[in-house]
Amino acid sequence: MSNFHEICKQVRDAAESMLRFGLTSGTSGNVSMRIASLNQMAITPSAMTYDQIKPEDIVGMDLQGNKIKGDRKPSSEWALHSLFYQTRENVGAVIHTHSPYATAAAVLGEPIPMILAESVAIIGGEIPVAPYTTFGTRELAEAAVKACGQKNAVLLSNHGVVAVGKDLASALQCALTVEETAKIYLLSKAAGTPKQIPESALPAIFEAFHNYTK
Ligand SMILES: [Zn+2]
């Protein structure tokens, strides 16, 4: 199915971008895209560095975790990706990273408050944090989805980040925004006490973002 090959190329390209933007190193992190017509997803393979992955290394799976296409072993976090697709109809792509500033913020185990307007607009408010669970487990998937709610990103305590979007470009933008926000947050926290954007300013932020993106 050529359409599947095209989807695999897009997933591979997003994984390469994740590496190029410094959101991952080595084999950490993973990327997937929903294949809506088949109720499946295409996901990066386990334990391969992102500069080596070819489109044919991407794995096709159903949302229950059965492999449909590909010779590689799927990412060990496939359950995390599939649970977002099962519970969030508007999510078309999921990116999980261990990007350094966001992971440092995740080690603090607290949400990142609303400190930057663009970040608030893209993520949907503060960046929530899921409690610590073991990587690669159903518990991690459930904790991430629950803490994320309807937002577009969630920190995983002592682990990393999950960013979602309607497509791969949006999910990647969201992962970059989380990293940038975490960097500014940690710098401002080191210099003093970060001030939040006042609640009363939020409607204007969401309206301006809506007008900007439509
Ligand atoms: Zn991870």
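Please read these numbers as outputs of a predicted model, since none were measured by experiment. As the structure lists them, so they are numbered: ligands from 1, and atoms in each ligand from 1.
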message: Walk me through whether T133 and E139 qualify under side chain to side chain donor-acceptor pair (under 3.5 Å).
response: CA-CA 6 Å; T133 46; E139 289 68 41; over 6 Å; no

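- Protein N/O/S atoms closer to the Zn ion (ligand 1) than 2.8 Å number 3 in this structure.
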- request: Determine, step by step, whether L187 and Y101 satisfy the side chain to side chain contact (heavy atoms under 4.5 Å, CB included) criterion, reporting the C-alpha distance in whole Å, the side-chain angles of both residues, the deciding distance to 0.1 Å, and the verdict.
  value: CA-CA 10 Å; L187 285 171; Y101 287 100; 5.7 Å; no

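- More than 12 heavy-atom neighbours from other residues, nucleotides or ligands sit within 6.0 angstrom of CZ on R88.
- R138 has a carboxylate O that lies under 4.0 Å from a charged side-chain N of E142, or vice versa, which qualifies the two as a salt bridge.
- Take R20 and apply the salt bridge (Lys or Arg N to Asp or Glu O under 4.0 Å) test, not counting sequence neighbours, and it matches no residue.
- Between H96 and the choices V164, L156, L23, L140, the side chain to side chain contact (heavy atoms under 4.5 Å, CB included) rule is met once, by L156.
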